[in-house]
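In what follows, a single structure is set out as structure tokens and then discussed.
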Amino acid sequence: MTTVIACSGLSKSFGQKAVLKQLDFKIETGAPVALVGANGAGKTTLLSLLCGYLTPDQGQIQILGQKPGSVKLKGRLGALPQDAQFDPDFSLARQLQWLARLQGMTASKANTETERVLALVDLTAEAGLKVAQLSHGMRKRLAIAQALLGEPELVVLDEPTAGLDPLHAKALRDCIQQHSTHCTFVISSHNLFELEQLCGTVLMLEQGRIRQQATQISETGVLRLQLCQENGQQLLPLLQQVPGFVKSQLLSKLQLELQYDAVRAADFDVRLLQLLHQQSIDYRQLSRGPSLEQQLFQSGG
Amino acid sequence: MHLPVWSHIWLLSQIEWQRLFLSRRGWLTLAAFCLLWFLLLRYLVMPLSQWMLDPAIVEGAEMVAGWVDVRQLLLWPRPELSLFWLLALLLTPAAAVLFSAGQICRDRSRGTLRFYSLRVGRDSILLGRFFGQLLVQGTLLLLALLACLLLAFWQGASLSGNLLSAMLFCWLFVMLSLLPFTALMSLMSVWLNSSRAAVSMAVLLLTLLPLLLGILAYYWPQALPAFAWLPGAQIPALINSSPWQPWAELGLPVGQAALLLTLSLLSFRRRAL
């Protein structure tokens, strides 16, 4: 694994307001990395610094071994900036072709690449339309398409699914998963469910500092069970009989968290499923490890 | 796959040029420019050039309004061209200020420059936009010049090397005198957030600076040579020049443009996108 982003002592203020305070962190190549935090925590400022849109007041940033904005970085870093819009007077295809040409592609390669990225975000049929004719969600997908032009090594996405319908949000998640084999994604979002599905590491920004850098390694000692009906109370005494069971907690009417001895009972999940089958208890989902929400806001305190 | 800087600048210039013909705003600019020059050629150049063809005028030619030397204008191969030269030098700087006001600020406020800056350096973006504006202005000026040539043919001129050479001179020297105005708008466009604010600031600068310099020179005459550093300072001398004469006047607009562009580049490197 190599370091794609390295920040040390990074600070940025706007007037009197310190938005980022002495950030130190590294991101390695591999699974997508989530950037979370409340509104105003500094997520967009951090991403803008990484892309070279802003300059830091203090500290160092290295992106793929280069300073942000370096000519050597051009085309290697893709980004979906927040609220950036294309020129409304030109067609989608024309503007993507311009960007591809500026990225160093020949005219024919730029055409092929434009078709490829438009297909990725399901905008092939709209290629000839002017940007002014697109809906908000379509414009967002177009901006995502430009971030994927030329298959960059690192892609920074600021709120990629905000404003997208569920179908296209899922398609985008699939696309990120598919591309994450050869590209590292850094994704800022408020949608923890989405980040949980996509990301291996989570950076949490709070009041301008990295509060937590959690790695979502599956913790085999914890299972989350979501039932179809409100029969959790019925299930609790039965769980005592399953070898390795330690304790359970009813998180909601339909959701339980189970802790078990992972060393003595590595097949706890199989036995649990057998129990559910024997008792004819329907379940919707069984997942390993605590939720991202729990990791960030409960255990992290 | 990295392109050299000049290649980025050329691609960005072409994009600016395409805006003129492919966007609604470009079409409006083109339409306004064509209408303006149609009115000028039809109702000013046409009657005045017929008047200037009168031999009696040549005899009595003198200074008009105290600063336009009609004798110099009569040295041009055709009166239509000499009047075009006069009008272009007086009017096109204002057009350059208006047309090139949004070269950076429009795309920066919309966020479009963020897409570009991931692919090309900021210097290339700024220079690409600047040269793109020059391409647009050069195209518009060429169209107006061709219309003037058609008018000259319609009034009895015949095609000659002398006429073509004078046309080339006219296009080149007008373009060079537009350089500092376009570079000034590049700087205004980096500093300010909208085209309107950029135009307002440019108008303030271009009117207040001579006024302040005038007051300064009144009390301190040594400041008088500073007038020569204002954009367009060489235009009165150019107006009273015949074709291919005023090479000495070219250093000033080129120097002014280089200075303003350098300031613009330095400012843009530090500007948040």
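Order of the sequence lines fixes the chain letters, A, B, ..., with proteins taken first and strands second; residue numbering starts at 1 for each chain.
With a threshold of 4.5 angstrom between heavy atoms, A:Arg76 does not approach chain B through any atom at all. Looking at A:Phe86, both its backbone and its side chain come within 4.5 Å of chain B, counting heavy atoms on both sides.
Under a cut-off of 6.0 angstrom, the local environment of CD in A:Gln177 is crowded, with over 12 non-hydrogen atoms contributed by other residues, nucleotides or ligands. No more than 12 heavy atoms of other residues, nucleotides or ligands lie within 6.0 Å of CE in B:Met201, so this atom counts as exposed by the packing criterion. The number of heavy atoms from other shown groups lying within 6.0 Å of CH2 (B:Trp17) does not exceed 12. Environment of CD in A:Gln60: sparse, with no more than 12 heavy atoms of neighbouring residues, nucleotides or ligands closer than 6.0 Å.
The shortest side-chain heavy-atom distance between A:Asp87 and B:Arg19 falls under the 4.5 Å cut-off.
Contacts with chain B were tallied for A:Lys130, A:Gln85, A:Gln82; A:Gln85 has the most, counting heavy-atom pairs under 4.5 Å. For chain A, the option among B:Leu22, B:Asp107, B:Ile15, B:Val5 with the highest count of heavy-atom pairs below 4.5 Å is B:Ile15.
Listed in order of number, the residues of residues 109-126 of chain B that approach chain A to under 4.5 Å between heavy atoms are B:Arg110, B:Gly111, B:Thr112, B:Arg114, B:Phe115, B:Tyr116, B:Ser117, B:Leu118, B:Arg119, B:Val120, B:Gly121, B:Arg122.
Heavy atoms only, all atoms of each residue included: B:His8 and A:Leu102 are closest at NE2-O, 2.9 Å.
B:Gln14 CD to A:Trp98 CH2: the interatomic distance, rounded to the nearest 0.5 Å, is 10.5 Å.
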